[in-house]
Amino acid sequence: MPIRKTEKYSETPLYRLRHSASHVMAQAVMEMFPGQAKITIGPPIEDGFYYDFDLPRPLTPEDLGQIESRMREIIRGDHPFVRRELSAAEAKQLFADQPYKLELIEGLEHGAADEDGNPLTAPPVISIYTSDTFTDLCRGPHVQRTGQINPDALKLLNVSGAYWRGDEKRPMLQRIYGTAWDSAKELEEYLWRLEEAKKRDHRKLGKELDLFSINPEVGPGLVLWHPKGALVRYLMEDFCKREHLANGYELVDSPHVGRGHLWETSGHLDFYRESMYAGMEMDNETYYVKPMNCPFHIMIYNSGLRSYRELPIRYAEWGSVYRYEKPGVLHGLMRVRGFTQDDAHIFCRPDQMPEEIDRVLKFCLHILRAFGFTQFHAYLATRPKEKSVGEAAQWEAATEALRASLERSGLEYALDEGGGAFYGPKIDLKIADAIGREWQCSTIQFDFNEAARFNLHYINEAGQEEQPYMIHRALLGSMERFFGVMIEHYAGAFPVWLMPVQVMAIPIADRHNEYAQKVADQLRRAGIRVNVDVRTERMNAKIRDAQMQKIPYMLVMGDKEAVAGAVAVRLRSGEDKGAMPVEQFIAMVNKAVDSRE
RNA sequence: GCCGACGUAGCUCAAUCGGCAGAGCAACCGCCUUGUAAGUGGUAGGUUACGGGUUCGAUUCCCGUCGUCGGCUCCA
């Protein structure tokens, strides 16, 4: 997850503690490679800290253990952190054999940037902190003594590569991530959270629950939806499509490939080529697999002359797109090469724009809430400083429309200055999952580029051609990613209405199979998805398996139930609801489905 | 794409120094006929990712390719 440093955090004791821990770690690493380790920067981050080094050889997990042990020794030494301010010249002398530090000092000296590369506002003060044998160029603050770091609440987590200053053209450094807390208990809790996140990993659950797979023989980043996953997707899509139709959208469909001409007009071949799959030659023509759906929706719009009376036009499509993503960035369902967007394009008159934004935002929250998300963070991304198309007046109007709509919605939002697309401003929505992680799915974007390039227009009241505003929006974003988020949010235990198998009928002995089948048929007629476990296994084993499949209801059926025409209901929470008539159970399931709980 | 680690049965993982590739679960065939999280016996399952090299001999050592994982960069 991206780390957002808030001012608040940087003033907390925990921040000082972690910052200090990173210095102690740097000392331990320096000692491991005397005279050879080049230090760079080592800030606190959410839940911990890191430090980037340029080292003569790659670090191993064993090194981490050694560094951690040495850190504990340094901590026990209870060395004071001593701050000293000095001139740039003196600092350069002090760090003469530390090229990265020299570069930082240069930056400070010329007032260009601080240690994070951010522009400085105040005249720079160059300071160093010394603890034990280690001195680092550092703004602070730190704890007073190394002994204030709890050696039992400290752990080094992993090593990875990181570019110097985050620039892929600059040297690759080795980054050590660590975490530090006030107490061992907090460390335990943090490690538990990491474990919990691992248990929820959609890649792991996708395999265990047989939802999907990604097979290298098919191709990296290309998803195979297995029957259970495909059913969940179908249910999600079915719900969303109905809601779209009920909210003024029209469903459209478009091909997976189109002529090169189309992508030249749209500008994709200029701006987006390296993300597109290579063209295919046919009939002296190059066809491209679509990376976006917009040109097709535009062609539908342009298939006839539009009157101002027809607007707004809202075209929605579950459109599958393919984008070439670099091999290293692929990640389960979260970052793939082929995915289906719940895409829509809204064409409206300028005067309709505010209401359209309101509607989209409201509709978006409605959909996300239906899937069980309740916490959102909105970001308003404005015009990029360089490279953008469209008139200043358009940008202003569109950005203000987005802002006004956000204000009306009551959502808290942050400004993402210059974060808009080159073709228009946008609102991004991030959703928080059950364990507090944020995911970006929804996006609402203005597009001035394609409206102009495809010469979109409608005939206004005066009989003149006018260019409509075009809004591009995706609510779930992509079915793949959203499904991944859903898996992690619910840890695979989806709400009843989305569960591929809602009920597992569990006959106790073979002689109860017939009754179980009869009940199952009755449930199926009531629209409930039920399986019967007729294996010659013990009831306990059947319960365990159903439990591990996170099936919401287990119906245990033995002699008593068969005689009474009842089912003994066990919930996946472990709760035993006891025996009840089949009709009563059906009502119970229907209620859960209807309330989407 | 970059840095690092990894790739053994459907799944999870073993295999000492380079010396006949193994276990549990799942699958299949039986026995047991079961009351709220794994009953039991047996059978089958492998070009150790792929290609090359070193060696009498490679899962093991070396090189390359592909893929996966942790990050970085990117993410209209």
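Every heavy atom of this structure was used, including side-chain atoms; hydrogens, water molecules and symmetry mates were not. Naming: A, B, ... by sequence-line order, numbering from 1 per chain.
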Is there a donor in the side chain of A/Tyr272 and an acceptor in the side chain of A/Arg323, or the other way round, less than 3.5 Å apart?
yes
Between the side-chain atoms of A/Arg203 and the base atoms of B/C69, is any donor-acceptor pair under 3.5 Å?
no
Same-atom distance (P) from B/C13 to B/G70, integer angstrom:
14 Å
I'd like to know if A/Asn540 reaches the base of B/U36 with its side chain such that a donor and an acceptor end up less than 3.5 angstrom apart.
no
Select from A/Gln341 and A/Gly166 the residue whose nearest nucleotide in RNA chain B is closer to the 5' end of that strand.
A/Gly166
Look at the side chain of A/Arg570 against the base of B/A37 and say whether a donor-acceptor pair falls under 3.5 Å; ignore hydrogens and angles.
yes
Spacing of the P atoms in B/G46 and B/C11 (rounded, Å):
13 Å
Using atom P of each nucleotide, how far apart are B/A58 and B/A5 to the nearest Å?
25 Å
Measure from CG on A/Asp533 to P on B/A38 and round the result to the nearest Å.
14 Å
Taking the side chain of A/Met292 as its heavy atoms from C-beta onward, which of B/U33, B/A38, B/A76 lies nearest to it?
B/A76
If every non-hydrogen atom of A/Arg383 is compared with every non-hydrogen atom of A/Ala392, which pair is closest and at what distance?
NH1-CA, 3.6 Å
The nucleotide from B/A76, B/U33, B/U36 with an atom nearest the side chain of A/Ala509 is B/U33
Answer with base, sugar-phosphate or nothing: what part of the nucleic acid does A/His331 contact at a heavy-atom distance below 4.0 Å?
sugar-phosphate
Let's see if you can work this out: which of B/A76, B/A37, B/C69 has an atom nearest to the side-chain heavy atoms of A/Met548?
B/A37
To the nearest Å, how far apart are A/Arg165 CZ and B/C72 C1'?
16 Å
Take atom P in B/G71 and the same atom in B/U59, then report the distance between them in whole Å.
33 Å
In this structure, how many angstroms lie between the C1' atom of B/G71 and the CG atom of A/Asn158, rounded?
7 Å
ring-ring contact (aromatic ring centres under 6.0 Å, His included) between A/Phe454 and A/Tyr301, worked out:
CA-CA 10 Å; A/Phe454 281 98; A/Tyr301 178 94; over 10 Å; no
With a 3.5 Å distance limit and no angle check, can you tell me whether A/Gln547 reaches the backbone of A/Arg572 through a side-chain donor-acceptor pair?
yes
Taking only nitrogen or oxygen atoms into account, show me every contact under 3.5 Å that the protein makes with nucleotides 2-6 of chain B, one pair per line with its distance.
unit_1	atom_1	unit_2	atom_2	d
B/C2	O4'	A/Tyr163	OH	3.3
B/C3	O2	A/Gly161	N	3.2

cation_pi(A/Lys430, A/Tyr379) dist<6.0 Å, angle<=45
yes
Nearest-angstrom distance from the residue atom CD of A/Glu217 to C1' of B/A49:
10 Å
Under 3.5 Å, is there a donor-acceptor pair between the A/Arg273 and A/Tyr288 side chains?
yes
Which nucleotide sits closest to the side chain of A/Arg544: B/G35, B/A76, B/A38?
B/A38
Please list each protein N or O that sits under 3.5 Å from an N or O in nucleotides 10-13 of chain B, with the distance.
unit_1	atom_1	unit_2	atom_2	d
B/U12	OP1	A/Lys207	NZ	3.1

Rounded to whole angstrom, note down the P distance from B/U68 over to B/U12.
15 Å
Taking atom types as modelled and ignoring hydrogens, do the side chains of A/His472 and A/Gln445 form a donor-acceptor contact shorter than 3.5 angstrom?
no
Pairwise distance CD1(A/Ile444) to OG(A/Ser405) - rounded to 0.5 angstrom
7.0 Å
Which of these passes side-chain hydrogen bond (donor to acceptor under 3.5 Å, both in side chains) with A/Arg314: A/His297, A/His345, A/Glu356?
A/Glu356
For A/Arg175, answer base if it contacts any base atom (sugar-phosphate contacts may also be present), sugar-phosphate if it contacts only those atoms, and nothing otherwise; contact means non-hydrogen atoms under 4.0 Å.
sugar-phosphate
Taking all atoms of both residues into account, what is the closest heavy-atom pair of A/Ala21 and A/Ala180, and its distance?
CB-CB, 4.3 Å
Among pairs that include at least one residue of residues 339-348 of chain A, which meet salt bridge (Lys or Arg N to Asp or Glu O under 4.0 Å), considering only residues two or more places apart or in two chains?
none
When you look for runs of 3 or more Watson-Crick or G-U pairs in a row, both distances below 3.5 Å, which of them include RNA chain B?
B:1-7 with B:66-72, B:10-13 with B:22-25, B:27-31 with B:39-43, B:49-53 with B:61-65
Looking just at side-chain N and O atoms, do A/Tyr163 and A/Arg165 make a donor-acceptor pair shorter than 3.5 Å?
no
When rounded to the nearest Å, what value does the distance between C1' atoms of B/A38 and B/C32 take?
16 Å
Could you check how far CG of A/Leu330 sits from P of B/G67, rounded to whole Å?
9 Å
Measure from CG on A/Leu156 to P on B/G71 and round the result to the nearest Å.
16 Å
Please enumerate all protein N or O atoms sitting under 3.5 Å from an N or O of nucleotides 40-46 of chain B, with distances to 0.1 Å.
none

How would you label the contact of A/Asp447 with the nucleic acid (heavy atoms, under 4.0 Å): base, sugar-phosphate, or nothing?
nothing
Taking only the side-chain nitrogens and oxygens of A/Tyr324, find out if one of them lies under 4.0 Å from OP1 or OP2 of B/C74.
no
Tell whether A/Glu561 reaches the base of B/G35 with its side chain through a donor-acceptor pair below 3.5 angstrom.
yes
CG (A/Asp428) and SG (A/Cys441) are apart, to the nearest 0.5 Å, by 10.5 Å
Please determine, by modelled atom types, if A/Lys290 and A/Ser254 share a side-chain donor-acceptor pair under 3.5 angstrom.
yes
For residues A/Thr382 and A/Thr399, is any side-chain donor paired with an opposing acceptor at under 3.5 Å?
no
Closest to the A/Ala568 side chain, choosing from B/U33, B/U36, B/C72
B/U36
Rounded interatomic separation in angstrom, taking CZ from A/Phe53 and C1' from B/G71
16 Å
By nearest-heavy-atom nucleotide on RNA chain B, the more 5' of A/Arg535 and A/Ile214 is A/Arg535
Between B/U47 and B/C28, how far apart are the C1' atoms? Round to whole Å, please.
25 Å
What is the distance, rounded to the nearest whole Å, between atom CD of A/Glu274 and atom C1' of B/A76?
11 Å
Partner set under salt bridge (charged side-chain N to carboxylate O under 4.0 Å, His left out) for A/Arg403, not counting sequence neighbours:
A/Glu400
What nucleotide among B/U33, B/A76, B/G71 has an atom nearest to a side-chain atom of A/Tyr177?
B/G71
A/Lys155 versus A/Leu187, closest heavy-atom pair with distance:
CB-CD1, 4.2 Å
Rounded distance in Å between the C1' positions of B/C20 and B/U48:
15 Å
